[in-house]
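Data block below; observations after.
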Number of protein chains: 2
Amino acid sequence: MISTQTHPPAVTASERIYTALRQRIMRCEITPGATLDAAEIAQEYEVSKTPVRDAMQRLAADGLVTILPRSGYRVAPITFQAVHEILDMRAAIGPHAARQAARYATPEDVAELRRIVREYDAPLDVGAMQQVARRFHVAIASCSRNRRLVALSESLFDELERLLRFAIDFTVKAGEHSDEHTALVDAIEAGDGERAASIEAEHIKHSREFLIERLMTLGYLSQGEARSAER
Amino acid sequence: MISTQTHPPAVTASERIYTALRQRIMRCEITPGATLDAAEIAQEYEVSKTPVRDAMQRLAADGLVTILPRSGYRVAPITFQAVHEILDMRAAIGPHAARQAARYATPEDVAELRRIVREYDAPLDVGAMQQVARRFHVAIASCSRNRRLVALSESLFDELERLLRFAIDFTVKAGEHSDEHTALVDAIEAGDGERAASIEAEHIKHSREFLIERLMTLGYLSQGEARSAER
DNA sequence: AAACTAGAACTGATGCATCAGTTGCGCAAT
DNA sequence: ATTGCGCAACTGATGCATCAGTTCTAGTTT
(Lines give C-alpha, C1' and ligand atoms only; values in the text may rest on other atoms or scores of the structure.)
Protein backbone atom coordinates (compact mmCIF):
# COMPACT_ATOMS: atom_id res chain seq x y z
CA MET A 1 0.00 0.00 0.00
CA ILE A 2 1.36 3.36 -0.97
CA SER A 3 0.59 6.07 1.51
CA THR A 4 -0.16 8.82 -0.97
CA GLN A 5 -3.39 9.37 0.87
CA THR A 6 -2.41 11.48 3.83
CA HIS A 7 -0.53 14.05 1.79
CA PRO A 8 -0.97 15.26 -1.81
CA PRO A 9 1.47 13.19 -3.85
CA ALA A 10 4.87 14.84 -4.12
CA VAL A 11 3.50 18.38 -4.03
CA THR A 12 5.84 19.98 -1.58
CA ALA A 13 4.90 22.89 0.59
CA SER A 14 7.40 25.19 -1.10
CA GLU A 15 5.95 24.21 -4.47
CA ARG A 16 2.51 25.18 -3.25
CA ILE A 17 3.69 28.54 -1.92
CA TYR A 18 5.71 29.18 -5.05
CA THR A 19 2.79 28.51 -7.37
CA ALA A 20 0.35 30.51 -5.29
CA LEU A 21 2.63 33.51 -4.89
CA ARG A 22 3.63 33.40 -8.51
CA GLN A 23 0.02 33.52 -9.56
CA ARG A 24 -0.76 36.37 -7.20
CA ILE A 25 2.21 38.34 -8.43
CA MET A 26 1.35 37.62 -12.06
CA ARG A 27 -2.18 38.77 -11.63
CA CYS A 28 -0.94 41.88 -9.90
CA GLU A 29 -2.99 40.96 -6.87
CA ILE A 30 0.19 41.89 -5.10
CA THR A 31 1.22 45.40 -6.02
CA PRO A 32 4.47 45.55 -7.98
CA GLY A 33 7.20 47.03 -5.81
CA ALA A 34 5.49 46.02 -2.57
CA THR A 35 7.45 44.28 0.13
CA LEU A 36 6.37 40.85 1.26
CA ASP A 37 6.07 39.76 4.84
CA ALA A 38 7.49 36.26 5.02
CA ALA A 39 6.07 35.53 8.44
CA GLU A 40 2.61 36.60 7.37
CA ILE A 41 2.71 34.43 4.26
CA ALA A 42 3.89 31.48 6.30
CA GLN A 43 0.96 31.94 8.63
CA GLU A 44 -1.48 32.38 5.77
CA TYR A 45 -0.46 29.09 4.17
CA GLU A 46 0.02 27.35 7.50
CA VAL A 47 3.64 26.43 7.02
CA SER A 48 6.87 27.55 8.61
CA LYS A 49 9.08 30.24 7.10
CA THR A 50 11.40 27.71 5.49
CA PRO A 51 9.28 26.74 2.46
CA VAL A 52 8.35 30.42 2.11
CA ARG A 53 12.02 31.19 1.88
CA ASP A 54 12.48 28.44 -0.72
CA ALA A 55 9.61 29.82 -2.76
CA MET A 56 11.06 33.33 -2.55
CA GLN A 57 14.37 32.12 -3.87
CA ARG A 58 12.67 30.47 -6.81
CA LEU A 59 10.66 33.61 -7.47
CA ALA A 60 13.85 35.61 -7.30
CA ALA A 61 15.39 33.29 -9.89
CA ASP A 62 12.37 34.01 -12.09
CA GLY A 63 12.98 37.70 -11.66
CA LEU A 64 9.60 38.23 -10.00
CA VAL A 65 11.01 39.02 -6.58
CA THR A 66 14.09 40.81 -5.38
CA ILE A 67 15.76 39.63 -2.21
CA LEU A 68 17.18 42.42 -0.12
CA PRO A 69 19.47 40.54 2.24
CA ARG A 70 18.62 41.04 5.90
CA SER A 71 16.01 43.46 4.85
CA GLY A 72 13.08 41.94 3.02
CA TYR A 73 11.52 40.52 -0.11
CA ARG A 74 10.28 42.95 -2.72
CA VAL A 75 7.98 42.18 -5.61
CA ALA A 76 9.71 43.22 -8.79
CA PRO A 77 8.50 46.63 -9.85
CA ILE A 78 7.27 47.14 -13.38
CA THR A 79 9.73 49.37 -15.14
CA PHE A 80 10.17 50.55 -18.64
CA GLN A 81 13.52 48.83 -18.63
CA ALA A 82 11.84 45.47 -17.98
CA VAL A 83 9.34 46.00 -20.80
CA HIS A 84 12.14 46.94 -23.14
CA GLU A 85 14.23 43.93 -22.18
CA ILE A 86 11.44 41.43 -22.52
CA LEU A 87 10.37 42.72 -25.90
CA ASP A 88 13.99 42.73 -26.97
CA MET A 89 14.46 39.14 -25.84
CA ARG A 90 11.42 38.15 -27.81
CA ALA A 91 12.90 39.85 -30.84
CA ALA A 92 16.09 37.89 -30.28
CA ILE A 93 14.67 34.41 -29.97
CA GLY A 94 11.42 34.64 -31.94
CA PRO A 95 12.86 34.68 -35.47
CA HIS A 96 15.39 32.03 -34.56
CA ALA A 97 12.68 29.80 -33.14
CA ALA A 98 10.64 30.27 -36.32
CA ARG A 99 13.65 29.38 -38.43
CA GLN A 100 14.32 26.25 -36.44
CA ALA A 101 10.66 25.34 -36.47
CA ALA A 102 10.71 25.43 -40.28
CA ARG A 103 13.56 22.96 -40.12
CA TYR A 104 12.30 20.53 -37.52
CA ALA A 105 8.51 20.77 -37.44
CA THR A 106 6.62 17.53 -38.02
CA PRO A 107 3.18 17.44 -39.67
CA GLU A 108 1.76 16.96 -36.17
CA ASP A 109 3.51 20.14 -35.02
CA VAL A 110 2.05 22.05 -37.95
CA ALA A 111 -1.42 20.70 -37.22
CA GLU A 112 -1.11 21.86 -33.62
CA LEU A 113 -0.01 25.31 -34.77
CA ARG A 114 -2.99 25.56 -37.10
CA ARG A 115 -5.28 24.53 -34.29
CA ILE A 116 -3.98 27.38 -32.17
CA VAL A 117 -4.21 29.92 -34.97
CA ARG A 118 -7.84 28.96 -35.47
CA GLU A 119 -8.57 30.11 -31.94
CA TYR A 120 -8.05 33.66 -33.09
CA ASP A 121 -11.32 33.41 -35.02
CA ALA A 122 -13.29 33.54 -31.82
CA PRO A 123 -13.77 37.00 -30.30
CA LEU A 124 -11.09 37.49 -27.67
CA ASP A 125 -10.22 40.15 -25.17
CA VAL A 126 -6.60 41.20 -24.80
CA GLY A 127 -6.04 38.75 -21.99
CA ALA A 128 -7.33 35.75 -23.89
CA MET A 129 -5.46 36.86 -26.98
CA GLN A 130 -2.31 37.05 -24.95
CA GLN A 131 -2.89 33.49 -23.80
CA VAL A 132 -3.35 32.25 -27.33
CA ALA A 133 -0.28 34.17 -28.48
CA ARG A 134 1.69 32.63 -25.68
CA ARG A 135 0.68 29.11 -26.62
CA PHE A 136 1.35 29.84 -30.27
CA HIS A 137 4.87 31.06 -29.72
CA VAL A 138 5.70 28.41 -27.18
CA ALA A 139 4.46 25.80 -29.64
CA ILE A 140 6.81 27.21 -32.27
CA ALA A 141 9.67 27.10 -29.82
CA SER A 142 8.77 23.49 -29.06
CA CYS A 143 9.30 22.62 -32.71
CA SER A 144 12.93 23.67 -32.34
CA ARG A 145 13.62 20.65 -30.13
CA ASN A 146 15.43 23.02 -27.79
CA ARG A 147 14.10 22.83 -24.27
CA ARG A 148 16.00 25.91 -23.18
CA LEU A 149 14.37 27.92 -25.91
CA VAL A 150 10.95 26.67 -24.83
CA ALA A 151 11.62 27.50 -21.20
CA LEU A 152 12.88 30.96 -22.08
CA SER A 153 9.84 31.59 -24.27
CA GLU A 154 7.50 30.59 -21.50
CA SER A 155 9.30 32.71 -18.98
CA LEU A 156 9.24 35.77 -21.22
CA PHE A 157 5.55 35.45 -21.94
CA ASP A 158 4.84 35.01 -18.27
CA GLU A 159 6.58 38.25 -17.48
CA LEU A 160 5.03 40.00 -20.42
CA GLU A 161 1.60 38.90 -19.29
CA ARG A 162 2.22 40.42 -15.90
CA LEU A 163 3.35 43.71 -17.38
CA LEU A 164 0.31 43.79 -19.62
CA ARG A 165 -2.06 42.96 -16.85
CA PHE A 166 -0.70 45.85 -14.89
CA ALA A 167 -0.61 48.39 -17.65
CA ILE A 168 -3.41 47.55 -19.99
CA ASP A 169 -7.06 47.29 -19.32
CA PHE A 170 -8.20 44.00 -20.64
CA THR A 171 -11.41 45.02 -22.31
CA VAL A 172 -9.61 46.40 -25.33
CA LYS A 173 -10.51 44.58 -28.50
CA ALA A 174 -7.87 42.22 -29.77
CA GLY A 175 -5.91 43.11 -32.88
CA GLU A 176 -5.97 40.90 -35.92
CA HIS A 177 -2.62 39.22 -36.19
CA SER A 178 -4.32 36.08 -37.43
CA ASP A 179 -3.13 36.56 -41.01
CA GLU A 180 0.47 36.96 -39.91
CA HIS A 181 0.17 33.81 -37.88
CA THR A 182 -1.26 31.82 -40.73
CA ALA A 183 1.51 33.02 -43.02
CA LEU A 184 4.04 31.99 -40.41
CA VAL A 185 2.65 28.48 -40.11
CA ASP A 186 2.61 28.22 -43.90
CA ALA A 187 6.30 29.11 -44.02
CA ILE A 188 7.09 26.61 -41.30
CA GLU A 189 5.16 23.90 -43.10
CA ALA A 190 6.98 24.72 -46.33
CA GLY A 191 10.28 24.47 -44.50
CA ASP A 192 11.22 28.00 -45.50
CA GLY A 193 13.23 29.07 -42.48
CA GLU A 194 14.21 32.52 -43.69
CA ARG A 195 10.67 33.44 -44.58
CA ALA A 196 9.42 32.12 -41.25
CA ALA A 197 12.07 34.11 -39.39
CA SER A 198 11.32 37.32 -41.21
CA ILE A 199 7.56 36.96 -40.73
CA GLU A 200 8.11 36.38 -37.04
CA ALA A 201 10.48 39.35 -36.83
CA GLU A 202 7.85 41.52 -38.50
CA HIS A 203 5.14 40.16 -36.24
CA ILE A 204 7.15 40.88 -33.13
CA LYS A 205 7.90 44.34 -34.42
CA HIS A 206 4.18 44.98 -34.87
CA SER A 207 3.20 43.71 -31.48
CA ARG A 208 6.04 45.73 -30.03
CA GLU A 209 4.75 48.89 -31.66
CA PHE A 210 1.25 48.12 -30.48
CA LEU A 211 2.47 47.72 -26.93
CA ILE A 212 4.67 50.78 -26.93
CA GLU A 213 1.85 52.92 -28.27
CA ARG A 214 -0.56 51.49 -25.75
CA LEU A 215 1.83 52.06 -22.87
CA MET A 216 2.46 55.60 -24.01
CA THR A 217 -1.25 56.30 -24.30
CA LEU A 218 -1.66 55.14 -20.74
CA GLY A 219 1.21 57.36 -19.67
CA TYR A 220 3.57 54.60 -18.66
CA LEU A 221 6.21 55.72 -21.10
CA SER A 222 7.60 59.14 -21.74
CA GLN A 223 8.04 60.11 -25.36
CA GLY A 224 11.79 59.73 -25.01
CA GLU A 225 11.47 56.21 -23.71
CA ALA A 226 9.03 55.31 -26.42
CA ARG A 227 11.36 56.62 -29.09
CA SER A 228 14.30 54.59 -27.83
CA ALA A 229 12.07 51.55 -27.55
CA GLU A 230 10.67 51.80 -31.04
CA ARG A 231 13.92 51.50 -32.85
CA MET B 1 31.80 51.01 14.48
CA ILE B 2 30.64 48.49 11.96
CA SER B 3 31.23 44.92 12.94
CA THR B 4 32.26 43.62 9.55
CA GLN B 5 35.33 42.28 11.25
CA THR B 6 34.12 39.07 12.80
CA HIS B 7 32.60 37.73 9.59
CA PRO B 8 33.43 38.28 5.94
CA PRO B 9 31.20 41.15 4.84
CA ALA B 10 27.83 39.94 3.59
CA VAL B 11 29.20 36.75 2.05
CA THR B 12 26.68 34.24 3.18
CA ALA B 13 27.47 30.60 3.72
CA SER B 14 25.20 29.49 0.90
CA GLU B 15 26.92 31.96 -1.41
CA ARG B 16 30.27 30.43 -0.52
CA ILE B 17 29.05 26.88 -1.10
CA TYR B 18 27.34 27.88 -4.31
CA THR B 19 30.43 29.53 -5.73
CA ALA B 20 32.72 26.72 -4.67
CA LEU B 21 30.51 23.95 -5.98
CA ARG B 22 29.82 25.82 -9.17
CA GLN B 23 33.51 26.14 -9.82
CA ARG B 24 34.15 22.50 -9.07
CA ILE B 25 31.35 21.44 -11.37
CA MET B 26 32.52 23.81 -14.08
CA ARG B 27 36.03 22.52 -13.95
CA CYS B 28 34.71 18.99 -14.07
CA GLU B 29 36.46 18.29 -10.80
CA ILE B 30 33.15 16.68 -10.01
CA THR B 31 32.31 14.06 -12.59
CA PRO B 32 29.25 14.96 -14.67
CA GLY B 33 26.38 12.69 -13.75
CA ALA B 34 27.75 11.95 -10.30
CA THR B 35 25.51 12.18 -7.29
CA LEU B 36 26.41 14.61 -4.54
CA ASP B 37 26.35 13.80 -0.87
CA ALA B 38 24.83 16.81 0.85
CA ALA B 39 25.91 15.75 4.31
CA GLU B 40 29.47 15.26 3.18
CA ILE B 41 29.60 18.67 1.52
CA ALA B 42 28.16 20.29 4.62
CA GLN B 43 30.88 18.69 6.69
CA GLU B 44 33.59 19.67 4.22
CA TYR B 45 32.63 23.35 4.34
CA GLU B 46 31.79 23.25 8.03
CA VAL B 47 28.20 24.35 7.71
CA SER B 48 24.86 22.65 8.23
CA LYS B 49 22.89 21.08 5.42
CA THR B 50 20.65 24.13 5.02
CA PRO B 51 23.02 26.40 3.07
CA VAL B 52 24.09 23.35 1.07
CA ARG B 53 20.47 22.86 0.13
CA ASP B 54 20.19 26.54 -0.82
CA ALA B 55 23.26 26.27 -2.99
CA MET B 56 21.90 23.14 -4.66
CA GLN B 57 18.68 24.92 -5.51
CA ARG B 58 20.59 27.75 -7.13
CA LEU B 59 22.75 25.28 -9.03
CA ALA B 60 19.61 23.52 -10.13
CA ALA B 61 18.24 26.84 -11.40
CA ASP B 62 21.46 27.22 -13.38
CA GLY B 63 20.92 23.79 -14.85
CA LEU B 64 24.13 22.46 -13.36
CA VAL B 65 22.46 20.14 -10.90
CA THR B 66 19.31 18.05 -11.00
CA ILE B 67 17.35 17.60 -7.82
CA LEU B 68 15.82 14.17 -7.46
CA PRO B 69 13.26 14.72 -4.71
CA ARG B 70 13.74 12.49 -1.69
CA SER B 71 16.54 10.82 -3.50
CA GLY B 72 19.57 12.99 -4.12
CA TYR B 73 21.38 15.70 -6.03
CA ARG B 74 22.90 14.81 -9.37
CA VAL B 75 25.45 16.82 -11.30
CA ALA B 76 24.02 17.49 -14.74
CA PRO B 77 25.43 15.02 -17.20
CA ILE B 78 26.99 16.27 -20.39
CA THR B 79 24.77 15.25 -23.22
CA PHE B 80 24.69 15.93 -26.89
CA GLN B 81 21.32 17.50 -26.36
CA ALA B 82 22.85 20.08 -24.00
CA VAL B 83 25.60 20.94 -26.48
CA HIS B 84 23.05 21.31 -29.24
CA GLU B 85 20.81 23.51 -27.14
CA ILE B 86 23.56 25.81 -25.96
CA LEU B 87 24.99 26.29 -29.43
CA ASP B 88 21.47 26.89 -30.70
CA MET B 89 20.80 29.49 -28.02
CA ARG B 90 24.00 31.24 -28.97
CA ALA B 91 22.85 31.25 -32.57
CA ALA B 92 19.58 32.76 -31.42
CA ILE B 93 20.88 35.62 -29.34
CA GLY B 94 24.30 36.32 -30.87
CA PRO B 95 23.20 38.01 -34.08
CA HIS B 96 20.53 39.95 -32.25
CA ALA B 97 23.04 41.15 -29.68
CA ALA B 98 25.37 42.23 -32.48
CA ARG B 99 22.54 44.10 -34.17
CA GLN B 100 21.61 45.89 -30.99
CA ALA B 101 25.24 46.63 -30.23
CA ALA B 102 25.54 48.36 -33.58
CA ARG B 103 22.63 50.54 -32.51
CA TYR B 104 23.56 51.38 -28.97
CA ALA B 105 27.35 51.03 -28.66
CA THR B 106 29.20 54.09 -27.42
CA PRO B 107 32.78 54.92 -28.48
CA GLU B 108 33.86 53.60 -25.08
CA ASP B 109 32.08 50.31 -25.77
CA VAL B 110 33.87 50.03 -29.10
CA ALA B 111 37.21 50.77 -27.49
CA GLU B 112 36.59 48.03 -24.96
CA LEU B 113 35.70 45.58 -27.72
CA ARG B 114 38.91 46.43 -29.59
CA ARG B 115 40.87 45.91 -26.41
CA ILE B 116 39.46 42.43 -26.08
CA VAL B 117 40.03 41.57 -29.73
CA ARG B 118 43.65 42.57 -29.36
CA GLU B 119 44.08 39.85 -26.76
CA TYR B 120 43.76 37.31 -29.53
CA ASP B 121 47.18 38.40 -30.76
CA ALA B 122 48.88 36.68 -27.86
CA PRO B 123 49.27 32.92 -28.15
CA LEU B 124 46.39 31.29 -26.34
CA ASP B 125 45.36 27.76 -25.54
CA VAL B 126 41.78 26.74 -26.07
CA GLY B 127 40.87 27.52 -22.48
CA ALA B 128 42.22 31.05 -22.57
CA MET B 129 40.71 31.60 -25.98
CA GLN B 130 37.38 30.50 -24.62
CA GLN B 131 37.75 33.05 -21.83
CA VAL B 132 38.49 35.84 -24.27
CA ALA B 133 35.63 34.76 -26.50
CA ARG B 134 33.36 34.80 -23.51
CA ARG B 135 34.34 38.31 -22.54
CA PHE B 136 34.04 39.48 -26.12
CA HIS B 137 30.53 38.19 -26.58
CA VAL B 138 29.39 39.30 -23.17
CA ALA B 139 30.77 42.77 -23.92
CA ILE B 140 28.73 42.85 -27.11
CA ALA B 141 25.65 41.81 -25.20
CA SER B 142 26.37 44.58 -22.71
CA CYS B 143 26.18 47.13 -25.50
CA SER B 144 22.56 46.14 -26.03
CA ARG B 145 21.61 47.71 -22.70
CA ASN B 146 19.65 44.55 -21.99
CA ARG B 147 20.63 42.96 -18.71
CA ARG B 148 18.70 39.81 -19.44
CA LEU B 149 20.63 39.33 -22.63
CA VAL B 150 23.90 39.81 -20.77
CA ALA B 151 22.91 37.34 -18.08
CA LEU B 152 21.83 34.77 -20.63
CA SER B 153 25.08 35.20 -22.55
CA GLU B 154 27.12 34.67 -19.44
CA SER B 155 25.14 31.65 -18.45
CA LEU B 156 25.49 30.07 -21.88
CA PHE B 157 29.23 30.61 -21.99
CA ASP B 158 29.56 29.18 -18.52
CA GLU B 159 27.85 26.03 -19.56
CA LEU B 160 29.71 25.88 -22.82
CA GLU B 161 32.98 26.21 -20.98
CA ARG B 162 32.08 23.25 -18.84
CA LEU B 163 31.19 21.13 -21.84
CA LEU B 164 34.43 22.08 -23.54
CA ARG B 165 36.51 21.40 -20.50
CA PHE B 166 35.03 17.98 -20.33
CA ALA B 167 35.28 17.09 -23.96
CA ILE B 168 38.28 18.89 -25.31
CA ASP B 169 41.85 18.73 -24.25
CA PHE B 170 43.01 22.24 -23.72
CA THR B 171 46.39 22.10 -25.32
CA VAL B 172 44.92 22.36 -28.78
CA LYS B 173 46.05 25.48 -30.57
CA ALA B 174 43.47 28.19 -30.82
CA GLY B 175 41.83 28.95 -34.11
CA GLU B 176 42.13 32.35 -35.71
CA HIS B 177 38.79 34.03 -35.43
CA SER B 178 40.50 37.34 -34.84
CA ASP B 179 39.66 38.68 -38.30
CA GLU B 180 36.01 37.89 -37.86
CA HIS B 181 36.01 39.66 -34.55
CA THR B 182 37.65 42.75 -35.94
CA ALA B 183 35.14 42.86 -38.77
CA LEU B 184 32.35 42.55 -36.25
CA VAL B 185 33.62 45.45 -34.16
CA ASP B 186 33.98 47.51 -37.32
CA ALA B 187 30.36 46.85 -38.22
CA ILE B 188 29.26 47.75 -34.71
CA GLU B 189 31.25 50.97 -34.79
CA ALA B 190 29.78 51.83 -38.16
CA GLY B 191 26.30 51.25 -36.75
CA ASP B 192 25.56 48.67 -39.42
CA GLY B 193 23.34 46.30 -37.49
CA GLU B 194 22.53 43.91 -40.30
CA ARG B 195 26.17 43.44 -41.22
CA ALA B 196 27.09 42.96 -37.56
CA ALA B 197 24.32 40.39 -37.15
CA SER B 198 25.33 38.43 -40.22
CA ILE B 199 29.02 38.43 -39.29
CA GLU B 200 28.11 37.17 -35.85
CA ALA B 201 25.81 34.52 -37.31
CA GLU B 202 28.63 33.37 -39.55
CA HIS B 203 31.08 33.41 -36.67
CA ILE B 204 28.80 31.32 -34.50
CA LYS B 205 28.28 28.92 -37.38
CA HIS B 206 32.05 28.52 -37.72
CA SER B 207 32.66 27.97 -34.06
CA ARG B 208 29.74 25.55 -34.04
CA GLU B 209 31.26 23.55 -36.87
CA PHE B 210 34.61 23.58 -35.12
CA LEU B 211 33.04 22.25 -31.95
CA ILE B 212 30.93 19.62 -33.63
CA GLU B 213 33.89 18.31 -35.57
CA ARG B 214 36.02 18.30 -32.47
CA LEU B 215 33.39 16.45 -30.45
CA MET B 216 32.95 13.91 -33.21
CA THR B 217 36.68 13.35 -33.48
CA LEU B 218 36.73 12.63 -29.77
CA GLY B 219 33.85 10.22 -30.15
CA TYR B 220 31.34 12.24 -28.16
CA LEU B 221 28.96 12.49 -31.05
CA SER B 222 27.69 9.84 -33.36
CA GLN B 223 27.63 10.74 -37.05
CA GLY B 224 23.87 10.99 -36.93
CA GLU B 225 23.97 13.46 -34.08
CA ALA B 226 26.66 15.48 -35.77
CA ARG B 227 24.64 15.66 -38.96
CA SER B 228 21.55 16.93 -37.19
CA ALA B 229 23.68 19.41 -35.27
CA GLU B 230 25.44 20.83 -38.29
CA ARG B 231 22.35 22.04 -40.07
C1' DA C 1 14.66 72.84 15.98
C1' DA C 2 17.87 69.82 13.85
C1' DA C 3 21.01 66.19 13.93
C1' DC C 4 23.01 62.46 15.81
C1' DT C 5 23.03 58.20 18.46
C1' DA C 6 21.63 54.26 20.90
C1' DG C 7 18.41 50.67 21.09
C1' DA C 8 14.30 48.15 20.00
C1' DA C 9 11.98 45.52 16.59
C1' DC C 10 12.01 43.21 12.46
C1' DT C 11 14.01 40.29 8.72
C1' DG C 12 16.55 36.97 6.47
C1' DA C 13 20.33 33.37 7.36
C1' DT C 14 21.77 29.39 9.65
C1' DG C 15 21.77 25.35 12.56
C1' DC C 16 19.63 21.48 14.26
C1' DA C 17 15.91 18.06 15.03
C1' DT C 18 12.37 15.58 12.96
C1' DC C 19 9.30 13.85 9.23
C1' DA C 20 8.33 11.38 5.15
C1' DG C 21 9.54 9.21 0.72
C1' DT C 22 12.95 6.37 -1.84
C1' DT C 23 16.26 2.94 -2.48
C1' DG C 24 18.31 -1.19 -1.95
C1' DC C 25 19.64 -5.08 0.51
C1' DG C 26 18.48 -9.43 2.63
C1' DC C 27 15.56 -13.04 3.99
C1' DA C 28 11.99 -16.15 2.97
C1' DA C 29 8.85 -18.63 0.11
C1' DT C 30 8.26 -21.03 -4.11
C1' DA D 1 18.07 -20.49 -8.12
C1' DT D 2 14.65 -17.05 -8.65
C1' DT D 3 11.19 -14.08 -7.29
C1' DG D 4 8.72 -11.32 -4.04
C1' DC D 5 8.11 -8.97 0.17
C1' DG D 6 9.53 -6.20 3.93
C1' DC D 7 12.53 -3.72 6.74
C1' DA D 8 16.44 -0.63 7.44
C1' DA D 9 19.29 3.09 6.10
C1' DC D 10 19.67 7.16 3.56
C1' DT D 11 18.02 11.56 1.50
C1' DG D 12 15.63 15.66 0.92
C1' DA D 13 11.70 18.46 3.03
C1' DT D 14 9.93 20.89 6.82
C1' DG D 15 9.57 23.01 11.29
C1' DC D 16 11.43 25.50 14.88
C1' DA D 17 14.95 28.02 17.59
C1' DT D 18 18.59 31.15 17.32
C1' DC D 19 21.95 34.40 15.22
C1' DA D 20 23.28 38.49 12.97
C1' DG D 21 22.46 42.56 10.09
C1' DT D 22 19.25 46.32 8.88
C1' DT D 23 16.00 49.83 9.66
C1' DC D 24 13.25 52.78 12.05
C1' DT D 25 12.29 55.34 16.05
C1' DA D 26 12.66 57.76 20.08
C1' DG D 27 15.42 60.18 23.06
C1' DT D 28 19.24 63.13 23.90
C1' DT D 29 22.50 66.58 22.79
C1' DT D 30 24.00 70.73 20.65
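The sequence lines fix the lettering, A, B, ..., with proteins before strands; numbering per chain opens at 1. Side chains included, hydrogens not; waters and symmetry mates left out as well; all remaining heavy atoms used.
- Under 3.5 Å, the side chains of B:Thr106 and B:Glu108 contain a donor-acceptor pair of N or O atoms.
- Of the charged side-chain nitrogens involved, at least one lies within less than 4.0 Å of a carboxylate oxygen, so that B:Glu15 and B:Arg58 count as a salt-bridged pair.
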Validation: residues 150-158 of chain A side-chain donor-acceptor distances under 3.5 Å, sequence neighbours left out:
residue: A:Ser153; atom: OG; partner: A:Leu149; partner atom: O; Å: 3.4
residue: A:Asp158; atom: OD1; partner: A:Arg134; partner atom: NH1; Å: 2.1
residue: A:Asp158; atom: OD2; partner: A:Arg22; partner atom: NH2; Å: 2.5

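- Regarding contacts with the backbone of D:dT14, a side-chain N or O of A:Ser14 is found under 4.0 angstrom from either OP1 or OP2.
- Atom C1' of nucleotide C:dA13 and atom CZ of B:Arg53 are separated by 14 Å, given to the nearest angstrom.
- For B:His96, the ring-ring contact (aromatic ring centres under 6.0 Å, His included) criterion is met by no residue, not counting sequence neighbours.
- The interatomic distance linking A:Ile17 (CD1) with D:dA13 (P) rounds to 15 Å, in whole Å.
- Between A:Arg148 and B:Glu159 the shortest side-chain heavy-atom distance falls below 4.5 Å.
- If you take OH of A:Tyr73 and C1' of C:dT11, they are 8 Å apart, rounded to a whole angstrom.
- For the pair A:Asp54 CG and D:dG12 P, the computed distance is 14 Å after rounding to whole Å.
- Residues of residues 42-50 of chain B having a heavy atom closer than 4.0 Å to DNA chain C, listed by number: B:Val47, B:Ser48, B:Thr50.
- One can place CD of B:Glu40 at 14 Å from C1' of D:dT11, the figure rounded to the nearest angstrom.
- Under 3.5 Å, the side chains of A:Gln100 and B:Asp88 contain a donor-acceptor pair of N or O atoms.
- When atom types are taken as modelled, the side chain of A:Gln130 and the backbone of A:Leu160 share no donor-acceptor pair closer than 3.5 angstrom.
- One interatomic measurement links the two molecules: CZ of A:Arg58 to P of D:dA13, which rounds to 11 Å at whole-angstrom precision.
- With distances taken from any side-chain atom of B:Pro51 to the nucleotides C:dG15, D:dG15, D:dA13, the minimum falls on C:dG15.
- Minimum atom distance to the side chain of A:Thr12 is reached by D:dA13, of the listed C:dT14, D:dA13, C:dG12.
- For the pair A:Leu68 CG and D:dT22 C1', the computed distance is 11 Å after rounding to whole Å.
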Could you list the donor-acceptor pairs under 3.5 angstrom formed by side chains in residues 36-44 of chain A, with sequence neighbours left out?
residue: A:Asp37; atom: OD1; partner: A:Ala39; partner atom: N; Å: 3.0
residue: A:Asp37; atom: OD1; partner: A:Glu40; partner atom: N; Å: 3.2
residue: A:Glu44; atom: OE2; partner: A:Arg24; partner atom: NH1; Å: 3.1

Between the protein and nucleotides 5-10 of chain C, are there any N/O to N/O pairs under 3.5 Å, and if so, what are the atom names and distances?
none

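- Residue contacts for B:Ala38: at a heavy-atom cut-off of 4.0 Å it reaches the sugar-phosphate backbone alone, with no base atom in range.
- Checked against ring-ring contact (aromatic ring centres under 6.0 Å, His included), A:Tyr18 has no partners two or more places apart in sequence or in another chain.
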